[in-house]
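Sequence lines set the chain letters: A, B, ... in the order given, protein chains first and strands last, and positions in each chain run from 1.
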Amino acid sequence: MTTTLFLYAILYAAALVFLVACAVRAIGYARLPLHLRWELYPVPHEKRERARYGGSYFESPEWWKEPIAFNHLGEWKSMFAEILFLKGLWEFKRKMWYRSYLFHLGLYLLIGAAGILFAAAFASLILPGLASSGFVLVLHYAYTAAGLLGAALTLVGAAALLIERLTEEDLKPYTTAGDIFNLSFFIVTVGILTAGYFLRPDTSPGALALAQGVLTFDTSLKAPPMFEVGLVLGALLAAYIPMTHMSHFIAKYFTYHTVRWDDAPNRRGAKLEQKLAEYLTYRPTWSAPHVGADGSKSWAEIAMTNPAQGGKK
Amino acid sequence: MKRKISLDDMSKLEREPLTHLEPGDLMPLPAPLEDRASSPGWKPLSAQTMEKCECALDDTCAVSIPQPQNEQEEQELVRKFLSGLDKLFRREDNWTFLQPLLLTMEHCAKCQTCGDACHIFEASGRNELYRPTFRTEIVRRLYFKYVKHGGLLSAWQHGDVKLNWPLVARLIELSYRCNICRRCAQVCPIGADNGLVAHELRKLFSQEMGIAAKELHENGSMLQLRVGSSTGMNAAAVKDNIDFIDEDTSERAGFEVKTPWDVEGADILLIHNAGEIVAWPENPGAFALILNAAGISWTLSSELAGYDSINYGVWYDDAQFARVAIKHMEAARKLKVKKIVLGECGHAHKALSVIADRLLTGDLNIPRESSMTLLRDIVMNGRIKFDPARNDFPVTLHDPCNLVRLMGVVEPQREVVRLLCPKFREMEPHGVDNYCCGGGSGFAIMSGNNFSDWRFQVSGRKKLEQILNAFSDCLDPSIPKYLCAPCSNCKGQFRDMLAYYDLWEKNKILYGGLVELIVNAMVDVKPGFIQWEWR
Ligand code: SF4
Ligand code: SF4
């Protein structure tokens, strides 16, 4: 009973750490000042015919006189292809894509399996009649299939990535102990979970019962020890991910939307201009004499001086 | 086999360069330069330079930093470096690029996709020193260790680095081995940006330590802010030169061409890269001819920096960048023009239209337009008669990174050459996937020590391959060929690189801008505006 309670506490705590750490990271990036434009073409929210070859609104004569079209569909398509199929890697590093895609697809399936499992558990808790219905049976097959396939792909993908990282001449010099640990963490966690699942005694509760137990804090349940270890490792892994560069699922939102694709022009009197006005009051402290930043001058004042003419405006 | 350079080598105390490139190491070139052994020799660094400057990176030396005299000086420089590194990550000091920089520092997946996209890395024969992530990885480790104070755990997770003066000195040089073309960033699945890291490093060195390539700072932005142009021309000199250009253009055209100066209330303020006026006068001449023929209301400005669109700060220093951008806008505001049109200069396009956009508030925010767009409209609107048969020679088009990948102006110039040049052929790849000319980020004007050897043999090599491939069916010197590069810096690189490999003498490959091709095809202009002479 105590171990089950401990397990639940770890699962909840890890979920909380995961969510809070992701939020902290995302909010941290979102709160950074709007940077100078630094876009890279193609920008997929350009008009369709332009996005195809990477053109921008700068190709239109007197572009500032027209409202700029924003092709939401184009942007969604581009995001969809990147998130679901890792299109960038497919196009530019095919060999790694095969490994990385197995790994990511495996993770997507595992996340999907967990989602379906908890949906089924929740549904059958609030509608007890559902538990014995065909609907929950269908969900049972869905999360089992997604979970097993996901585990297999994650294991194979992570192992393939680890081998590549340790053997490829291009990757080896940049591989740190942390990188090896990260991939190994996935392999061990998913490996133990899978083994725990297959080696469970007939008397042990099934995945659905365990999920219901987690939701209701049912301490009378007892998962097989190996499966418990797997779950604890999975929880720790989930809490660890947002502390590392593996949280690139958050970073990518910003690198794509607020850097590569951010072509929003600064129009007189618009909101963007107000933000900039604030940044121009910042007081930089750079020490090179030509900058003339003594900590009291604002960015705007510095930009208006001419160091080549004795600092006059 | 050569030993592969490792990240730790950057901190080596020995002062021998970390790498040496032999012709056999470099990426092979197609005909007529396929014989690597007969490629032009690489001038070694002089004993004096080696003795006095920090040249412990590779075969060249771009910044020529004097060696510190003693350990105290070294320590002081390292201290300054650390304080600059810290400022790169502070919003008050670096709001301009903080977000993309942090994202790049914290999220590289080390997949090395970027390496395959970098022309410098490829051309060097995949020399580890020039891998896009090599420089970034050092900065990343420094960031986690000294800015985030990550301690042992961070060293384990991100890798460690030994900070000393040799490392800083090598980093200074290494920040000038990247064209900041951002082709690597375009292929990065995460969206990390190794070109940005080179840019930010250069900023740290300039803004905190006062160290920058002389050509960009003293003889570049400082000269421009002092006299009005980094060519050294003041307003009187530039007007004289333009008078001379008008005369010459009138003679070549067969009718009078006059450039208007300081016309208040004109629709357009045209700003050229003043390098054109000095090195390629036919370019501003052709612009004047076309704009006049199209009946456009336009003017040049004789205000400080108002006649020179160069803004070298975009490659190394935010303060200098903002100052020059503001000077450009002040010139336009004074003349009360409706818009600024940027002449054939890629970095000036990107600097004033894209990057400065979020610095210009209130009445300094005057619209900027690309000359490519304006020229396309003039050519297509039918007011001027053209005879494409006058351009009946092979033409290929170079895509300046700043104009194309970094600004999205891809098609207007193509529409013009497709219409006016019957033997136009694309380079592969082209458009936003283009390769840098090798002169980007200021290299085109940097030739101290033997830096040009590096520029032509390494950074320009991939573009050279593309040019030779584009003309592979007509290399015979009896066929004159035209490499159209609508960018002054790219033209500077091509002038020097084609001469270096003798490709004008031996294969008649000439380079030039877009407006020259347009004027050459104008029916009202005397035939033969393009003179097939080397310049
Ligand atoms: S910068 Fe991008 S492409 Fe290069 S190694 Fe890092 S994640 Fe991969
Ligand atoms: S910005 Fe260009 S030159 Fe610099 S590392 Fe990237 S691809 Fe190479």
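With hydrogens and angles ignored, the 3.5 Å screen pairs no side-chain donor or acceptor of B:Q99 with any backbone N or O of A:H35. Of the possible polar contacts, none joining the B:R226 side chain to the A:N306 backbone as a donor-acceptor pair under 3.5 Å is found. Distance alone, capped at 3.5 Å, places no donor-acceptor pair between the A:K252 side chain and the B:G191 backbone. Looking at A:R37, its side chain never comes within 3.5 Å of a backbone N or O of B:I355 through a donor-acceptor pair. A donor-acceptor contact shorter than 3.5 Å links the side chain of A:S56 to the backbone of B:M407. When atom types are taken as modelled, the side chain of A:N266 and the backbone of B:L360 share a donor-acceptor pair closer than 3.5 angstrom. Counting only distance, with no hydrogens or angles, the side chain of B:Q207 and the backbone of A:A288 share no donor-acceptor pair below 3.5 Å. Formation of a donor-acceptor pair under 3.5 Å by the B:E411 side chain with backbone atoms of A:G55 is not found in this model. Within the 3.5 Å criterion, the main-chain N or O of A:S287 finds a donor-acceptor partner in the side chain of B:E208.
Using a 4.5 Å cut-off between heavy atoms, A:W38 touches chain B through backbone and side chain atoms alike. Only the side chain of A:W299 comes within contact range of chain B, with at least one heavy atom under 4.5 Å from a heavy atom of that chain. In this structure, chain B has no heavy atom under 4.5 Å from any part of A:A300. Contacts of A:S247 with chain B are made by both backbone and side-chain atoms, with heavy-atom separations under 4.5 Å. For A:S60, the part lying near chain B is the backbone, with the side chain staying farther off; criterion is any non-hydrogen pair under 4.5 Å. For chain B, the nearby parts of A:L34 are the backbone and the side chain; heavy atoms of each come within less than 4.5 Å. For chain B, the nearby part of A:L276 is the side chain; its heavy atoms alone come within less than 4.5 Å. Using a 4.5 Å cut-off between heavy atoms, A:E169 touches chain B through backbone and side chain atoms alike. Of the atoms belonging to A:R99, not a single heavy atom falls under 4.5 Å from chain B.
Contact count against chain A (heavy-atom pairs under 4.5 Å) is highest for B:S353 among B:S353, B:S6, B:A356, B:S370. Most heavy-atom pairs under 4.5 Å with chain B: of the set A:Y282, A:Y256, A:W286, this distinction falls to A:W286. Between chain A and the options B:A322, B:G210, B:P100, heavy-atom pairs under 4.5 Å are most frequent for B:P100. Ranked by heavy-atom pairs under 4.5 Å with chain A, the list B:V354, B:L101, B:V409 is led by B:V354. Put simply, of A:T258, A:D170, A:L32, A:V259, the one with the most heavy-atom pairs under 4.5 Å next to chain B is A:D170. Comparing B:M222, B:R91, B:R90 by how many heavy-atom pairs each has under 4.5 Å with chain A, the most go to B:R91. Interface summary for chain B: among A:R50, A:K87, A:E91, A:R165, the most heavy-atom pairs under 4.5 angstrom belong to A:R165. Annotation: maximal heavy-atom pairing with chain A below 4.5 Å, among B:G431, B:A319, B:A185, occurs at B:A185. Counting heavy-atom pairs under 4.5 Å between each of B:L153, B:L102, B:I190 and chain A puts B:I190 at the top.
Pairing each heavy atom of A:E39 with each of B:R182, the nearest pair is O-NH1, 3.5 Å. Closest approach of A:P61 and B:T373 over heavy atoms only: N-CG2, 3.5 Å. The shortest heavy-atom contact between A:P42 and B:Q186 is CD-NE2, 4.1 Å. Listed here is the closest heavy atom pair of A:G54 and B:V432: O-CG1, 3.7 Å. Here the shortest heavy-atom pairing between B:D317 and A:H290 reads OD2-NE2, 2.6 Å. Considering every non-hydrogen atom in both A:V291 and B:R323, the closest pair reads O-NH2, 2.8 Å.
For A:F80, the CZ atom is loosely surrounded, since the number of other residues' heavy atoms within 6.0 Å does not exceed 12. For A:R94, the CZ atom counts as densely surrounded, since its 6.0 Å shell holds more than 12 non-hydrogen atoms of other residues, nucleotides or ligands. With a 6.0 Å radius and a threshold of 12 heavy atoms from other residues, nucleotides or ligands, A:R48 has its CZ atom at or below the threshold. Within 6.0 Å of atom CH2 in A:W76, 12 or fewer heavy atoms from other residues, nucleotides or ligands are found, so the atom counts as exposed in its surroundings.
The line from CG of B:D86 to OG1 of A:T285 is 9.0 Å long, rounded to the nearest 0.5 Å. To the nearest 0.5 angstrom, B:C111 atom SG is 9.5 Å from A:E164 atom CD. Taken from OH in A:Y174 to CZ in B:R140, the straight-line distance is 11.0 Å, to the nearest 0.5 Å.
For the residue pair B:Q157 and A:T244, no side-chain donor N or O sits within less than 3.5 Å of a side-chain acceptor on the partner. Judged purely by distance below 3.5 Å, without hydrogens or angles, the side chains of A:R268 and B:T361 never pair a donor atom with an acceptor atom.
A:Y57 meets the ring-ring contact (aromatic ring centres under 6.0 Å, His included) test with A:W63; sequence neighbours excluded. Here B:K339 pairs with A:E62, B:E369 under the side chain to side chain donor-acceptor pair (under 3.5 Å) rule; sequence neighbours left out.
In this structure the side chain of A:P307 reaches within 4.5 angstrom of the side chain of B:Q320, judged on heavy atoms.
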Could you go through B:R358 and A:E273, starting from their C-alpha distance and side-chain angles, then the distance that decides it, and tell me whether this counts as side chain to side chain contact (heavy atoms under 4.5 Å, CB included)?
CA-CA 8 Å; B:R358 292 183 183 166; A:E273 196 182 58; over 6 Å; no
Set out, in order, the CA-CA distance, both residues' side-chain angles and the distance that settles side chain to side chain contact (heavy atoms under 4.5 Å, CB included) for A:L36 and B:L359, then state yes or no.
CA-CA 8 Å; A:L36 299 188; B:L359 287 174; 3.9 Å; yes
Evaluation steps, side chain to side chain contact (heavy atoms under 4.5 Å, CB included), between A:Y41 and B:R405:
CA-CA 5 Å; A:Y41 290 86; B:R405 175 165 41 256; 5.6 Å; no
Is there a salt bridge (charged side-chain N to carboxylate O under 4.0 Å, His left out) between B:D93 and A:R283? Walk through the geometry before answering.
CA-CA 7 Å; B:D93 285 304; A:R283 295 174 198 286; over 6 Å; no
Derivation of the side chain to side chain contact (heavy atoms under 4.5 Å, CB included) call for A:Q309 and B:L225:
CA-CA 7 Å; A:Q309 295 190 339; B:L225 287 167; over 6 Å; no
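Ion pair A:R25/B:E106 flagged as a salt bridge, since at least one NZ, NE, NH1 or NH2 atom sits closer than 4.0 Å to an Asp/Glu carboxylate oxygen.
Using bins of under 30°, 30° to 60° and over 60° for the plane-to-plane angle, the ring pair A:Y29/B:H107 lands in the perpendicular bin. Taking the six-membered ring where the residue is Trp, A:Y279 and B:W95 present tilted rings, their angle falling between 30° and 60°.
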